[in-house]
Amino acid sequence: MAKEIPVYDAESIETKWQSVWECEDTFKAREDSGRPKKYVLEMFPYPSGDLHMGHARNYTIGDAMARQARMRGFEVLHPMGFDAFGLPAENAAIKHNTQAGKWTYANMDQAVRTMKRMGFSYDYDRLVRTCDPEYYKWGQWAFLKMWEKGLAYRATSPVNWCPSCNTVLANEQVVDGKCWRCGTVPEKRELSQWYLRITDYAQELLDDLDTLDGWPENVKAQQRNWIGRSEGAEIDFALADEDGKAPTDKLITVFTTRPDTLYGTTFFLLPPESPLAAELVEGTEYEQAVAELKKSVEQVSSVDRQGSEREKHGVFTGRYVINPLTQKPLPIWVADYILLDYGTGAVMGVPSGDQRDFEFARKYGLDIPPIIAQKDDPLYEQLKDTKETVVTNVDWDHAMDAEGYLIQSGPFTGMRGGKHSEAVDAIIEYLAERGIGRKTVQFRLRDWLISRQRYWGNPIPMIHCDCCGDVPVPYEDLPVTLPEDLDLGAGETLAEYAPFYETTCPKCGKPAKRITDTMDTFTCSSWYFLRYCDPHNDELPFSKESVDRWMGVDNYIGGIEHAILHLLYSRFWTKVMRDLGMIDLDEPFTNLLCQGMVKDANGDTMSKSKGNVVPPSSVIEPYGADTMRLAILFIAPSEKDFNWDEEVVAGANRFIKRAWRTVWGLANSGSVDATLDVSKLDAAGKELYRRIHELGLRCTNDFDRSQFNTAISAVMELVNDASAYLNKVGENERDAALCFGVARSIVAMLSPIIPHWGEELYHEALGLKGSAYDEPWPTFDAESAKASTVQIAVQVLGKVRGRIDVAADAPREELEAAAKVAVAKHLAGKTVRKVIVVPGRLVNIVAN
RNA sequence: GGGGGCGUGGCGGAAUUGGCAGACGCAGGAGACUUAAAAUCUCUCGCCGCAAGGCGUGCGGGUUCGAGUCCCGCCGCCCCUACCA
């Protein structure tokens, strides 16, 4: 007898299943199940408070993937953790006069409660918190390994110092010329800092992007740009004597991607910070002007430089270099558009071929001799055979950087010039033969500055001894534990906290001072995905065996804001671990999905300061976690931004209730014991049976593509069809096997998305035992999805003029004949020239 | 300036390899049930037109029997990056 359909009560269902999953360890990743593995990972959060909508979206996507993978027969590793070190904890501790650790652990506890309330299927036994000594110990271990291999080093150089955060920033952390965290414009300071030699891996980090087929194109493009490989040449210019005529022994080398323009060089450039420039002008009449320019640059860099077209400034140094090909002296200028830390920090000025040099030459009255011309340019006719520079100036308003033919360029005159042209190779070869230049490659990527002058981070495990220099902390003394009783509220820092820094030299035993810098938090997040494979290992950061078992990450999901920093550092760290023999893995993340942002109803980003934040609890409380999950996945494709819309949430809740009633209705007419005989189904039953297969295939394929919005719409159609079947077919005429099968498929396909709903119906409506996640994903086949008759379009000259219902396997001739009848009106008086038949789709008649 | 992406109803969005544009949902309209409302159910819903029909995927060309999809040229928007020599 049919059971009464219970009311859908999200809250009681959700709490019930959350505790069952927890008690039964349903989502524990097992090492020995014998199933193929799948590693589904969402970027772990920074615990700055409770979770927000962006987190909810990120983890809902991952959870749907993880749960479905389980049903597809995979042993799934789906862990979670916290990126727990960082400045906000420290600032909160100062503000609220508490401990950074206390604040952080309280936030992590709250976040875990919310994750559980959302029903995320994490293996909580593997929870990793980067501020736990058991975790950060291994970050220190890795640092020491890198130190031994020469990949970690200390150097003094001008660095970005954020005066608000009181710490240095990595190049990557200066965003739009401002601190990525607080927006303050950093100052340049000369400081002794710790670096990781990521530039050693620049080429491999670039090359291996081509192997990442599962990554979005834009992320790979961003990384390529960031690594910034340029091919070109180094060219040596001899410094001229004080009269500016004869070359001296001193060489100054430039890097250029356009050696083909060497004959057009009319001046030579050094950056304002250049020590060489300061040396050249020391004690001369030019000294003061150079010093002033340097000073003004320091100020300019602290001014908002959003407007890109800044006017260029320069001063002459009074000295010259000799062009190695023409032997002509070139005046050395100091210019504010030259960067100290790119290339060799010296540039040859080619005003006719480079827009920046062009503007500079115009401003300071320097010559602009043309060296490249296209064939239709009058200059080409005039100068195509001229090897000497006879035209020393042009009347252009722009530099000419397009390809063309070299003019006024000595023996190379007449060759094709431009980027990657024959003249480039020819001139490099010519220079190389004479030992005054060589082919070379430059990267924009800089070494990774990891030291931070902050408390709440992983201490750099080094000791400075006045006798022995920088000495690593012995491995057996790890971890260097972060002291907990600093008085941050009173402004105390690690550098001032004697119990921490006072120590003895591990080498000579004399009193020595511990390094009080901590590591950039990005070091903590560069390998947490490896730790999840073996989270309780106290001998090593992870065993090779466990990493072999679970890595690489099959699906990595997170925000696009990590396209450069986190993803590049993690790739680097993985390669370093490989080269240390720890793992056999070139790349950590096989497939990457960058989810879009959740904005408010007006399309503005949500932020506390704007007061437009929609907290997840505001949806969970009235509707439940399942409604929230469905709404998030259905509203837009995962990669796209979406605007929060209360109506969509209400609609999602409506669908869940409707599907609930439909599944119950089917289950009441169905039986688990009945066997399906398709041939005995009536017409309505046959069509419903066909639709399960058609829609099931679509849904499965959409899951494979991570297209959850369309996967859901396929199930919506199935629910609509099933509900129509129940309305149309009397209770006694329904097929019990069909009803049960449809209900079971609907429950299975929605379980990854609305899991509590799924488990409840799996047990209560379908009466099945175990977990919905022990249920294999249903199989669907294309044969059963085929319709016996189909409606196809009939076109005349590509325009739809009619439709015909035909047997799905009707022969060509039959289709053609039926089509001609259907559109006879449009064929009247015309001659049929050609008929295109696409079976199952359309017939197109070409007639005129 | 360089790189990546996008442009489809009132809205979110479908259309997997060139094959019936607008699936699914939201909002809207009509009806049923109800004293009424909510909820639910049924129908309707690109634009113009009473209709027949015409027009429709940012704009202009092209390839093709056939283009949202491919090619060329524009326009607009978004993201990343930027005196990188």
Side-chain angles (χ1 to χ4, degrees), chain A residues 175-177 216-226 228-230 232 254-258 261 269 271 305 308-312 335-339 341-350 353-357 359-360 401 442-446 560-561 563-564 594 596-597 631 634-637 639-643 645-652 654-655 657-658 661 695 698 701-702 704-705 707 709-717 719-720 723-724 727 790-803 833-847:
Chain A
V175 177
D176 288 339
E217 219 30 70
N218 64 334
V219 174
K220 289 192 277 188
Q222 281 182 47
Q223 293 218 351
R224 277 190 200 101
N225 284 342
W226 192 262
R229 185 181 196 274
S230 303
V254 298
F255 171 73
T256 178
T257 55
R258 295 292 305 278
T261 64
L269 297 158
R305 27 184 262 192
S308 60
E309 294 289 300
R310 216 170 65 243
E311 191 179 338
K312 294 162 180 45
D336 61 356
Y337 68 101
I338 306 303
L339 304 173
D341 61 354
Y342 184 76
T344 60
V347 174
M348 61 184 212
V350 185
D354 182 284
Q355 184 58 24
R356 294 157 300 180
D357 296 343
E359 288 166 19
F360 190 77
D401 56 3
Q442 275 292 329
F443 291 95
R444 211 193 73 124
L445 184 69
R446 299 278 87 95
I560 188 73
E561 66 274 17
I564 297 172
C594 292
M597 288 207 298
F634 183 64
I635 190 168
E639 315 78 41
K640 281 193 75 165
D641 291 354
F642 72 76
N643 298 349
D645 184 351
E646 179 59 34
E647 301 285 1
V648 171
V649 179
R654 216 176 298 145
F655 168 71
K657 288 182 186 163
R658 194 154 48 88
R661 289 191 301 270
L695 294 166
R698 235 163 73 188
N701 186 32
D702 286 341
D704 291 346
R705 299 188 297 152
Q707 292 267 314
N709 57 332
T710 49
I712 292 166
S713 74
V715 188
M716 284 176 168
E717 287 186 56
V719 169
N720 290 346
S723 154
N727 285 341
V790 288
Q791 187 177 72
I792 66 170
V794 182
Q795 298 180 332
V796 177
L797 286 169
K799 284 197 192 297
V800 178
R801 296 298 183 187
R803 287 170 218 280
R833 308 276 174 201
K834 196 173 172 186
V835 179
I836 286 109
V837 178
V838 185
R841 297 259 181 209
L842 54 74
V843 177
N844 187 12
I845 300 171
V846 185

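Residue numbers start from 1 in every chain, and the chains themselves are labelled A, B, ... in the order their sequence lines are given, proteins ahead of strands. Just so we're clear, the structure is a prediction, and the values are computed from it rather than from any experiment.
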| message | For the C1' atoms, the ones on B:A32 and on B:G22, what distance do you get once it is rounded to whole angstrom? | response | 29 Å
| request: Rounded off to whole Å, could you give me the CG-to-P distance for the A:Asp341 and B:A85 pair? | output: 13 Å
| query | What is the nucleic acid contact for A:Gln791, judged by heavy atoms within less than 4.0 Å: base, sugar-phosphate only, or nothing? | reply | base
| request: Would you indicate what A:Pro637 reaches in the nucleic acid, counting non-hydrogen atoms under 4.0 angstrom: base, sugar-phosphate, or nothing? | output: sugar-phosphate
| field | Span that lies between the P atom of B:C47 and that of B:G29, in whole angstrom | value | 15 Å
| B:G54 to B:G3 separation - C1' atoms, rounded to the nearest Å | 44 Å
| message | Would you say that A:Asp357 contacts A:Leu269 through its side chain, given a criterion of any heavy-atom pair below 4.5 Å between the two side chains? | response | yes
| message | Any non-hydrogen side-chain atom of A:Gln223 less than 4.5 Å from a side-chain atom of A:Lys220? | response | no
| Under 3.5 Å: donor-acceptor pair, side chain of A:Asn844, backbone of A:Gly798 | yes
| field | B:G3 OP1/OP2 closer than 4.0 Å to side-chain N/O of A:Arg444 | value | no
| Rounded distance (Å) that lies between atom P of B:G1 and atom CZ of A:Arg356 | 14 Å
| said: Counting only Watson-Crick pairs (N1-N3 plus N6-O4 or O6-N4) and G-U wobbles (N1-O2, O6-N3), all under 3.5 Å, who is the partner of B:C24? | reply: B:G12
| message | How long is the straight-line distance from OG1 of A:Thr710 back to CZ of A:Arg698, given to the nearest 0.5 Å? | response | 8.0 Å
| task | Kindly say if A:Arg841 contacts the phosphate of B:G18, meaning a side-chain N or O under 4.0 Å from OP1 or OP2. | result | no
| message | Nearest whole Å is fine: how far is B:G13 C1' from A:Asp702 CG? | response | 13 Å
| query | Contact class for A:Lys640 vs. all strands (heavy atom < 4.0 Å): base, sugar-phosphate, or nothing? | reply | sugar-phosphate
| remark: B:U42 -> Watson-Crick or G-U wobble partner, both distances under 3.5 Å, gives B:A30
| said: Rounded to whole Å, please give me the gap between CG in A:Asn701 and P in B:U16. | reply: 10 Å
| With a 3.5 Å cut-off and just heavy-atom distances, do the side chain of A:Asn225 and the base of B:U81 make a donor-acceptor pair? | no
| task | Name the nucleic acid region contacted by A:Ile635, choosing base, sugar-phosphate or nothing; use a 4.0 angstrom heavy-atom cut-off, strictly under. | result | sugar-phosphate
| Can you tell if the side chain of A:Val846 reaches within under 4.5 Å of the side chain of A:Leu797, non-hydrogen atoms only? | yes
| query | Do A:Ile560 and A:Met597 touch side chain to side chain, with heavy atoms closer than 4.5 Å? | reply | no
| said: I'd like the P distance from B:C71 over to B:G5, given in whole Å. | reply: 12 Å
| Pairwise P distance for B:U57 and B:C24, with rounding to whole Å | 22 Å
| note | Residues A:Asn720 and A:Arg658: closest non-hydrogen pair is OD1-NH1, 2.7 Å
| What's the CG-C1' distance between A:Leu842 and B:U64, to the nearest Å? | 14 Å
| said: For A:Asn225 and A:Arg444, which I'm curious about, is there any donor-acceptor pair between the side chains at under 3.5 Å? | reply: no
| said: Please give the distance between the C1' atoms of B:A23 and B:G73 as a whole number of Å. | reply: 34 Å
| request: Let me know the distance between CD of A:Glu639 and C1' of B:G12, rounded to the nearest Å. | output: 15 Å
| Contact class for A:Arg229 vs. all strands (heavy atom < 4.0 Å): base, sugar-phosphate, or nothing? | nothing
For nucleotides 22-27 of chain B, list the nitrogen or oxygen atoms of the protein found under 3.5 Å from its nitrogen or oxygen atoms, one pair per line.
unit_1: B:A23; atom_1: O2'; unit_2: A:Glu717; atom_2: OE2; d: 3.0
unit_1: B:G25; atom_1: OP1; unit_2: A:Asn720; atom_2: ND2; d: 3.1
unit_1: B:C26; atom_1: OP1; unit_2: A:Arg654; atom_2: NH1; d: 2.8
unit_1: B:A27; atom_1: OP1; unit_2: A:Glu647; atom_2: OE1; d: 3.3

| request: Report which part of the nucleic acid A:Gln795 touches: base, sugar-phosphate, or nothing (heavy-atom distance under 4.0 Å, all strands). | output: base
| query | Using purine N1 to pyrimidine N3 plus N6-O4 or O6-N4 for Watson-Crick, or N1-O2 and O6-N3 for G-U wobble, each under 3.5 Å, what pairs with B:G53? | reply | B:C48
| What integer number of Å spans the C1' atoms of B:G56 and B:A37? | 41 Å
| request: Can you tell me, in whole Å, how much space there is between the P of B:G62 and that of B:C45? | output: 35 Å
| message | Need one value for A:Ile560: base, sugar-phosphate or nothing, where a base atom within 4.0 Å counts as base even if backbone is also close, heavy atoms only. | response | nothing
| said: Judged by each residue's nearest nucleotide on RNA chain B, which is more toward the 5′ side, A:Gln707 or A:Gly343? | reply: A:Gln707
| task | Calculate the interatomic distance between A:Lys312 atom NZ and B:C84 atom C1'; express it in whole Å. | result | 13 Å
| Counterpart base for B:C6, defined by Watson-Crick or G-U wobble contacts under 3.5 Å | B:G76
| query | So, does A:Gln707 use its side chain to make a donor-acceptor pair with the main chain of A:Pro637 at under 3.5 Å? | reply | no
| On RNA chain B, nearest-nucleotide positions of A:Met348 versus A:Val219: which is more 5'? | A:Val219
| query | Can you tell me how far P of B:G1 sits from CG of A:Asp354, to the nearest Å? | reply | 15 Å
